[in-house]
Amino acid sequence: MRDSGEFDVSSALLDWYDRHAREMPWRVAPADRAAGVMPDPYRIWLSEVMLQQTTVAAVRDYFVRFTTRWPTVQALAAAPDDQVMGEWAGLGYYARARNLLKCAQVVTEQHGGTFPDTYDALLNLPGIGPYTAAAISAIAFDRPETVLDGNVERVMARLFDIHDPLPGSKPQLKKHAAALTPAARPGDYAQAVMDLGATICTPKSPACGICPVQAPCAARAAGTQSDLPRKTPKKPKPMRYGHVYIAQSDNGAFLMERRPDKGLLGGMLGWPGSEWSDGPAEAPPFPCEWQVLPGEVRHTFTHFHLILRIWTTTLPVGWSHDDLIVMEKHAFRPSDLPTVMRKAYDLWRST
DNA sequence: TAGCCGTGGGA
DNA sequence: TTCCCAAGGCT
């Protein structure tokens with residue numbers, strides 16, 4: 001950072017935030033916050049878990065649905081697993097939803113329904129790691145904790161023109177971020193840095209011309225802002241193949257499965273199917289006249305691409321099968337499905 | 001500790 | 001079309 005003794009980065013960011021804070025359903029606007037309004041820790045916690053590796057645009061509607069259905073942590077703690085998983089369907093990283101329910105139950109049963117306010121206590125809760133513990137403590141309780149997410153990493157790497165690649169440079173970036181964290185309004189400051197990273201100090205084509213901290217930015221001076229932060233290269237994603245089987249009874253019931261809690265799409269509803277590999281297809285779950293649908297489903301997960309063929313059949317009323325769920329027509333909600341299973345359903349329905 | 005774990009939007 | 005990556009956590 002340039003002229004570090006003459007430019008107050010924290011004050012500049014807070015001033016910018018006061019004028020440009022984005023509206024969000026969980027956020028207390030800076031003017032209201034200045035008037036003494038405190039956020040609801042339940043809503044801050046819920047939003048922060050939803051925002052893990054997920055954009056604000058994707059989270060917004062999910063947050064509204066969750067808080068409408070479960071307005072308090074006690075209400076969420078009392079919710080059945082399948083309803084929570086169904087509401088989370090489509091958001092991804094489904095371990096978050098399982099840990100969300102666990103955390104709500106721990107807070108309700110062991111903390112009297114009140115979220116702890118310290119970093120260390122929050123860190124002990126399921127689904128809350130270093131970032132989220134700091135974010136809840138700062139935003140919900142205005143404690144001087146330093147958040148370090150992808151935005152803050154990028155902003156710090158550029159402000160101080162740090163070329164060491166992530167994730168190795170994380171401690172160094174954290175040190176700079178901590179040094180800038182103000183004693184006053186740490187909650188608004190945390191949101192200010194993240195808003196800056198999301199709207200101005202963006203990964204590609206940062207808008208340095210309108211940046212409130214362009215003056216002290218070392219990368220801006222060196223012209224390296226578009227190359228920072230450096231990251232270690234990622235491995236290419238392999239292709240996998242598989243089959244799914246959609247069987248419906250004459251009365252409209254589907255045969256479905258609840259996936260095991262651990263692993264990919266853990267705890268989610270889905271169609272029975274083969275393993276996903278480059279090997280040969282497995283037989284359908286029961287002998288029947290199966291018909292393959294034209295076309296295929298393509299989907300990309302975090303670490304592989306997938307191509308699925310869809311098979312279908314009609315079953316007599318009353319069919320059942322070990323390990324499979326008979327989902328009656330009135331109980332089936334396509335929105336309960338994770339996206340890859342939803343794609344298979346959409347292809348089936350369109351033919 | 002490095003691999004696993006989703007999804008949708010933007011370039 | 002393909003790649004990147006977003007307010008990470010768990011094991």
Side-chain angles (χ1 to χ4, degrees), chain A residues 21-22 24-27 39 43-63 85 88-100 102-103 122-140 145-155 166-168 170 174 177 187 189-199 201-206 226 229-240 259-268 270 276 298-306 335 337-343:
Chain A
R22 295 182 293 169
M24 300 178 192
W26 50 86
R27 174 173 282 178
R43 295 168 67 88
I44 297 302
W45 161 71
L46 179 60
S47 69
E48 289 300 340
V49 173
M50 287 183 166
L51 286 164
Q52 290 168 5
Q53 296 290 286
T54 310
T55 59
V56 170
V59 163
R60 195 177 286 270
D61 290 349
Y62 281 87
F63 178 86
M85 301 310 288
W88 197 275
L91 249 196
Y93 285 133
Y94 297 100
R96 292 186 296 173
R98 300 193 300 276
N99 285 327
L100 189 81
K102 283 185 203 166
C103 183
L122 287 161
L123 192 59
N124 280 327
L125 294 170
I128 297 184
Y131 162 76
T132 307
I136 296 172
S137 185
I139 297 170
E145 301 290 347
T146 300
V147 299
L148 190 68
D149 72 328
N151 290 305
V152 181
E153 288 170 356
R154 186 169 57 256
V155 170
L166 284 167
K170 230 173 177 173
K174 177 71 179 281
Y189 173 77
Q191 296 175 90
V193 185
M194 293 191 283
D195 270 21
L196 185 83
T199 61
C201 197
T202 51
K204 298 172 184 173
S205 307
S226 293
R230 291 185 53 199
K231 295 188 178 180
T232 54
K234 297 174 179 177
K235 290 182 178 179
K237 296 177 180 178
M239 186 71 72
R240 293 187 189 174
R259 300 175 63 88
D261 271 351
K262 298 204 172 190
L264 193 69
L265 307 179
M268 297 301 291
W276 296 343
R298 289 172 173 268
H299 191 73
T300 299
F301 292 99
T302 311
H303 52 294
F304 65 92
H305 303 286
L306 178 66
S335 62
L337 297 174
T339 297
V340 67
M341 299 297 174
R342 176 67 179 272
K343 285 182 180 177

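Just so it is clear: chains get the letters A, B, ... in the order the sequence lines come, proteins before strands, and each one is counted from 1. As the structure is a prediction and not an experimental result, all values here were calculated from the model.
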Any side-chain to backbone donor/acceptor pair from Arg60(A) onto Met24(A)? Under 3.5 Å, distance only. no
Could you list the protein-to-nucleotides 1-3 of chain B atom pairs, N/O on both sides, closer than 3.5 Å?
{"from": "dG3(B)", "atom 1": "OP1", "to": "Lys235(A)", "atom 2": "NZ", "distance (Å)": "3.2"}

Just checking Gly266(A): base, sugar-phosphate only, or nothing, at a heavy-atom cut-off of under 4.0 Å? nothing
Per Pro203(A) side chain, nearest of listed nucleotides dC5(B), dC4(C), dA6(C): dA6(C)
With a 4.5 Å limit on heavy-atom distance, are the side chains of Leu46(A) and Leu100(A) in contact? yes
Using a cut-off of strictly less than 4.0 Å, decide whether Arg154(A) has a side-chain nitrogen or oxygen near OP1 or OP2 of dA6(C). yes
Could you tell me which residues satisfy ring pair (Phe, Tyr, Trp, His ring centres under 6.0 Å) with Trp45(A), sequence neighbours excluded, listed by chain and number? Tyr42(A), Phe115(A)
His303(A) side chain near dC4(B) phosphate (N/O to OP1/OP2, under 4.0 Å): no
Which of these nucleotides, dC5(B), dG8(B), dA6(C), is closest to any side-chain atom of Lys231(A)? dA6(C)
N/O contacts under 3.5 Å, protein versus nucleotides 9-11 of chain C?
{"from": "dG9(C)", "atom 1": "OP1", "to": "Gly129(A)", "atom 2": "N", "distance (Å)": "2.8"}
{"from": "dG9(C)", "atom 1": "OP1", "to": "Gly129(A)", "atom 2": "O", "distance (Å)": "3.4"}
{"from": "dG9(C)", "atom 1": "OP1", "to": "Thr132(A)", "atom 2": "N", "distance (Å)": "3.0"}
{"from": "dG9(C)", "atom 1": "OP1", "to": "Thr132(A)", "atom 2": "OG1", "distance (Å)": "2.7"}
{"from": "dG9(C)", "atom 1": "OP2", "to": "Pro130(A)", "atom 2": "N", "distance (Å)": "3.4"}
{"from": "dG9(C)", "atom 1": "OP2", "to": "Tyr131(A)", "atom 2": "N", "distance (Å)": "3.2"}
{"from": "dC10(C)", "atom 1": "OP1", "to": "Gly127(A)", "atom 2": "N", "distance (Å)": "2.7"}

Using whole Å, what does the distance between atom C1' of nucleotide dC5(B) and atom CG of Leu91(A) come to? 14 Å
Does Trp26(A) or His305(A) map to a spot on DNA chain C nearer the 5' end, using the closest nucleotide for each? His305(A)
Side-chain contact, heavy-atom cut-off 4.5 Å: Leu337(A) with Met268(A)? no
Check every strand shown and say whether Met341(A) touches a base, only sugar-phosphate, or nothing at a heavy-atom separation below 4.0 Å. nothing
Strictly by modelled atom types, are Arg96(A) and Gln52(A) linked by a side-chain donor-acceptor pair under 3.5 Å? no
Hey, does Glu153(A) have a side-chain heavy atom less than 4.5 Å from the side chain of Lys170(A)? yes
Can you identify which nucleotide, out of dC5(B), dT7(B), dA6(C), has its nearest atom closest to the Phe301(A) side chain? dT7(B)
Which is true for Arg27(A) with a 4.0 Å heavy-atom rule: it touches a base, it touches only sugar-phosphate, or it touches nothing? base
Among dT7(B), dC4(B), dA6(C), which is the nearest nucleotide to the side chain of Gln53(A)? dA6(C)
The residue, Lys204(A) or Leu265(A), whose nearest nucleotide of DNA chain B is more 5′ is Leu265(A)
State plainly whether the residues Arg154(A) and Asp149(A) are in salt-bridge range, i.e. N to O under 4.0 Å. no
Of the nucleotides dG8(C), dC4(B), dG6(B), which has the atom closest to the Asp149(A) side chain? dG8(C)
Aromatic contact, Tyr93(A) with Trp88(A) (centres under 6.0 Å): no
Please determine whether a side-chain nitrogen or oxygen atom of His299(A) lies at a distance below 4.0 Å from atom OP1 or OP2 of dG6(B). no
Contact class for Arg98(A) vs. all strands (heavy atom < 4.0 Å): base, sugar-phosphate, or nothing? nothing
Any donor-acceptor N/O pair under 3.5 Å between dG6(B) base and Thr54(A) side chain: yes
In whole Å, I'd like the distance from the CZ atom of Phe304(A) to the P atom of dT7(B). 10 Å
Whether Thr339(A) contacts dG6(B) is assessed here as follows: a side-chain N or O lying under 4.0 Å from the phosphate OP1 or OP2. Is that the case? no
Should the side chain of Thr302(A) and the base of dG6(B) be counted as holding a donor-acceptor pair, with the cut-off at 3.5 Å? yes
Reckon Lys237(A) touches a base, only the sugar-phosphate, or nothing at all at heavy-atom distances under 4.0 Å? nothing
Val193(A) vs Leu196(A) side-chain heavy atoms within contact, under 4.5 Å: no
Sole candidate of His299(A), Arg240(A), Lys237(A), Arg298(A) that passes side-chain contact (heavy atoms from CB on, under 4.5 Å) when paired with His305(A): Lys237(A)
Would you say the side chain of Ser47(A) lies within less than 4.5 Å of the side chain of Val59(A), judging by non-hydrogen atoms? no
Using a heavy-atom cut-off of 4.0 Å across all strands, would you classify Gly197(A) as base, sugar-phosphate, or nothing? nothing
Which value, in whole Å, describes the distance between the P atoms of nucleotides dG6(B) and dT11(C)? 14 Å
Whole-Å distance, Asp261(A) CG to dC5(B) P, equals 14 Å
